[in-house]
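Comments concern the structure below.
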2 protein chains.
Amino acid sequence: MNIRHIAERAGVSVATVSRVLNHPEHVAPKTREKIERIMREAEYTPNWFARGLNFNKTGTIGLMIPHILNSVHMEIAKGVDDVAHQKECIALMCNVENDREKERRYLQWLMKRRVDGIIFISSSLGKRDFEQVQEQGIPIVLIGAYRDNDNFHVVSVDYRQAAMKAVNHLLGNGYRKIAFLYGETPQVENEQKVEGYKQAIRDAGLSLSEDFLKRVENTIEGGYLGAKKLMELAQPPKAIFTSSDYLAFGAMDALKDKNLKIPEDVAIIGFDNVRMSNLVEPKLTTVEIPLHKMGVYGARLLFDRIEEENSPYPGAILLQPKLKIRKSSGHKERIGEMF
Amino acid sequence: MNIRHIAERAGVSVATVSRVLNHPEHVAPKTREKIERIMREAEYTPNWFARGLNFNKTGTIGLMIPHILNSVHMEIAKGVDDVAHQKECIALMCNVENDREKERRYLQWLMKRRVDGIIFISSSLGKRDFEQVQEQGIPIVLIGAYRDNDNFHVVSVDYRQAAMKAVNHLLGNGYRKIAFLYGETPQVENEQKVEGYKQAIRDAGLSLSEDFLKRVENTIEGGYLGAKKLMELAQPPKAIFTSSDYLAFGAMDALKDKNLKIPEDVAIIGFDNVRMSNLVEPKLTTVEIPLHKMGVYGARLLFDRIEEENSPYPGAILLQPKLKIRKSSGHKERIGEMF
DNA sequence: ATGAAAGCGCTAACAG
DNA sequence: CTGTTAGCGCTTTCAT
């Protein structure tokens, strides 16, 4: 069932049928209605490929997601999807699974399909990959932290500052032996957090201990194992700052298994402020990141570039996070009065 | 950069170039290598639309997801994605947001793009919608519970049995005043759970109280509000069974706010066994659903149908859930010895 | 083993 | 307002 069948049945040319599809206003109302009726009766739907062959606009953007089971990434994705949907565009979500090769393969797919643009969330790809995409004329936007991003459009958060805020809060509550338990992914984000942690420790005139910097898989399990190791140190920490709430959940579980009270024996601060951080026992102090907003801003940036021929200058949107103070980080002496 | 450019540079016809793309074995090794080299140098990628115009296979399947922020659905989606990826096929994840109209719009999109098949997760669409898709020659698979699914391929769980198991466990622990707090979505699944709940209560010779059947939004907030209402009853329940772990988390929060101990004052059982159910305090007894497996089975079913011309007979795969017994459901007198 | 040519279904000049 | 026609980039007979 193609455009010619419709044309024949309606006794018009294919051009006219094509017109009711694309510029209905240029067709006489009577002919148009007749053609529309016939289309409906025949359950005709235009062939997407033939269409794309002429248009070269696909109404699709690619969205690279590090891991679809991590709600942190999905919150961002939702922001992107919201904007895309509003633009009557479909966001092709690609589950990259923190695997550079898988991401590259997806990228090839997307480029072949000539998507109108691509958004990367905490991608592990590099400058070279991104440039290649842009050279094909496909605009991109990066969300998260990237090492070498001067020439790209990026939406990010000041992860360094964020980490400093968290550590300073612990310092302010009187803690001195503070460990940082961080995930292998997302890599660059976490490197920036490490920097912030180190800076805050140094600024307080304390000495850095490599033992207190523990790198683990960014999962609940990773948090569990990491915290366990930390507490088995000869000089265990009195507070643990983690690079994600999931790590914090795992860490809390480990502490409970060791019969340590939070925050009386060990304080904890997480990162991201996922919904559950408010429901664990005790409620988790954490760094709040505007995840949904990041997705929205990123998508807007991308659509601006897709729609305007002369895309705006590359540049970064840098958002500031906020510390969400709850019970898990409370000073042991003041805890009674604080909560 | 198209196939003709390559042909010219290589001094061959477009047909030969096309052949190295599709049937390389029918091209003389020397010519083939030359052409391949030129393609690489020119960074040529075949136009996807032109290709699809001839093939009519897109290497894409649609995946309808009720809500991408709900990890229950994403676990299933991950199962689908795993299989799709293995089949070198892309799964287009559509974030339906429990909105029938949004889902229909996505469906139109997918059909226009001639995806090779579509998988629906707990869809709110009906028999008519599904039939329309199949009439277009696009095979579909349903995951979850559906009202009128005899003519479709579906992967489901015995939700009725599952609910009975949970309620029976509570009955076995001595509870008599058991409420069921269930979500508005996914609708059919939860209706089946309601049935199971009622059946188990009746089988125990107890009388059903409408007050104990509370329907709320399927979110943590919904669970909080629902549990609060239940506990404000003149005769509040001594145990609450919820249709999802998220509802259970909200309910637990409400109980804590009322200074009620779990399970000493009120027992709780959730549904789904999401990762966090093992990390809340107390650990949550819940019904374990093989989410990932459901996705995998659904995808396999779909690809079988896509690949075989004569698709297998419609039929259902019905999986049995298991009760995961943890602390939140313990009998108050026996709790000491049980955990 | 390779080439010429006829489409695949649709859009957009151009002409009337 | 409508029809004619030339592509869009690729695949695939059918010859050679």
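Letters A, B, ... are given to chains in the order of the sequence lines, protein chains preceding strands, and every chain is numbered from 1. Computation of the quantities below employed the complete heavy-atom set of this structure, encompassing side-chain atoms and omitting hydrogens, waters and symmetry-equivalent molecules.
Distance, B:Met1 CE to D:dG9 P: 11 Å, rounded to whole Å. Rounded to whole angstrom, the span from the NE2 atom of B:His5 across to the P atom of D:dC8 amounts to 9 Å. Counting to the nearest Å, the C1' atom of D:dG7 and the CZ atom of B:Arg4 are 9 Å from each other. Atom CG of A:Asn47 is separated from atom C1' of C:dG9 by 6 Å (rounded to the nearest Å). As rounded to whole Å, 17 Å separates atom C1' of D:dG7 from atom CZ of B:Phe49. Taking atom CD1 of residue B:Ile3 and atom P of nucleotide C:dA4, one finds them 14 Å apart after rounding to whole Å. Here D:dC10 presents its C1' atom at 8 Å from CZ of B:Arg51, a figure rounded to the nearest Å. Remark: C1' of C:dA12 and CG of A:Leu21 are 14 Å apart, rounded to the nearest angstrom.
Annotation: B:Tyr297 is not in aromatic contact with B:His153 [ring centroid separation under 6.0 Å not met].
At a cut-off of 3.5 Å, with distance as the only test, a side-chain donor of B:His292 or B:Asp82 sits close to an acceptor on the other residue. With hydrogens and angles left out, the side-chain atoms of A:Gln86 and A:Arg300 include no donor and acceptor closer than 3.5 Å.
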I'd like a table of atom pairs between the protein and nucleotides 12-16 of chain D - only N or O on both sides, under 3.5 Å - with the distance next to each one.
{"residue": "D:dT12", "atom": "OP2", "partner": "B:His23", "partner atom": "NE2", "Å": "3.4"}

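Between B:Glu97 and A:Lys78 a salt bridge is recorded (basic side-chain N to carboxylate O distance below 4.0 Å). A salt bridge links B:Glu101 and B:Arg104; the closest N-O separation between the charged side-chain nitrogens and carboxylate oxygens is under 4.0 Å. A salt bridge is defined here as a Lys NZ or Arg NE, NH1 or NH2 lying under 4.0 Å from an Asp or Glu carboxylate O, and B:Glu41 with B:Arg37 meets this definition.
Contacts between residues 26-37 of chain B and DNA chain C, counted as heavy-atom distances below 4.0 Å, involve B:His26, B:Val27, B:Ala28, B:Thr31.
Pairs of residues two or more places apart, or lying in two chains, that qualify as ring pair (Phe, Tyr, Trp, His ring centres under 6.0 Å) and include a residue from residues 114-137 of chain B are B:Phe120-B:Phe130, B:Phe130-B:Tyr146, B:Phe130-B:Phe152.
With a 4.5 Å cut-off on side-chain heavy atoms, A:Asn218 and A:Glu184 do not count as touching. Side chains of B:Ser18 and B:Ile3 form a contact here, defined as non-hydrogen atoms less than 4.5 Å apart.
B:Val17 comes within contact range of no nucleotide atom at all, as no heavy-atom separation falls under 4.0 Å.
Within the structure, a side-chain polar atom (N or O) of A:Asn2 is placed less than 4.0 Å from OP1 or OP2 of C:dG9.
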